[in-house]
Amino acid sequence: MLINDLIKGNKKFREARFPKYEGDIKELVEKGQKPEILFAGCSDSRVTPDSMLDTKPGDMFILRNVGNFVPPYNPDDDYHGSSAAIEYAVSVLEVKHIIVCGHSHCGACKSLYQNLNDSPNLIHVKKWLELGKRAKEYTLLAIQDKSDKEKLYRATERISIVHQMENLLTFPEVERKVKNGELQIHGWYYRIEDGTIEYYDGEECSFKPLKEN
Ligand code: ZN
């Protein structure tokens with residue numbers, strides 16, 4: 001994919017798809033955005049929220065980072081990009097749903113099992129991946145047969161989603177709104193090989209095929 005392909009793509013978008021959104025865009029510009037959903041997914045290029053969910057401009061506030069990790073609430077003087085997006089979505093946009101969406105073949109989850117070198121060029125990656133450590137430890141305890149690495153990675157990807165959902169609740173405003181029934185947290189798992197999505201059933205502690213309510 002070349003930059004020129006992106007330029008051509010934008011032209012195609014403006015000619016073919018943009019006119020379909022024109023009414024919505026006018027309102028979104030005049031009144032501002034009011035999405036009801038915060039989608040927190042991985043930066044992986046194979047995870048494409050708007051395509052895979054057939055959403056349009058204004059539908060979802062999107063946070064993407066390496067591994068779709070959610071850092072725990074930590075009010076200090078550092079720069080917390082992902083936490084800022086969560087706070088903004090919850091306290092300013094007042095979203096009604098947060099979807100933590102993991103995916104199959106996630107490089108971040110796989111790298112939890114590899115030794116990253118101590119290169120200063122990966123200092124932030126290494127620190128960030130600590131957010132998946134608990135998922136790895138839990139997976140190693142839960143899975144008896146550890147010889148099948150791919151099975152181990154798939155389990156880690158799913159378990160990590162649950163842990164990131166727990167981290168969301170460390171944000172006081174998220175916890176308050178969830179308790180009051182103003183906000184719902186969903187755990188989704190996107191299978192990049194076939195485009196299907198599973199959801200986390202908290203009562204049965206398992207992932208199931210997503211279906212309409
Ligand atoms: Zn990923």
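Start at 1 and go down the list; that is how both ligands and their atoms are numbered. Each residue takes its place number in the sequence, starting with 1.
Within 6.0 Å of CG on L116 lie more than 12 heavy atoms contributed by other residues, nucleotides or ligands. The neighbour count for I3 CD1, taken as heavy atoms of other residues, nucleotides or ligands under 6.0 Å away, does not exceed 12.
Ion pairing between a basic and an acidic side chain is recognised when a charged N comes within 4.0 Å of a carboxylate O; E137 and R134 show no such pairing. Under the 4.0 Å criterion applied to side-chain N and carboxylate O atoms, K110 and E157 are not assigned as salt-bridge partners.
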Can you check salt bridge (Lys or Arg N to Asp or Glu O under 4.0 Å) on K26 and E22, steps first, answer last? CA-CA 6 Å; K26 197 171 177 284; E22 222 148 9; over 6 Å; no
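A donor atom on one side chain and an acceptor atom on the other are found under 3.5 Å apart for T55 and D50.
For the Zn ion (ligand 1), protein N, O or S atoms under 2.8 Å: 3 in total.
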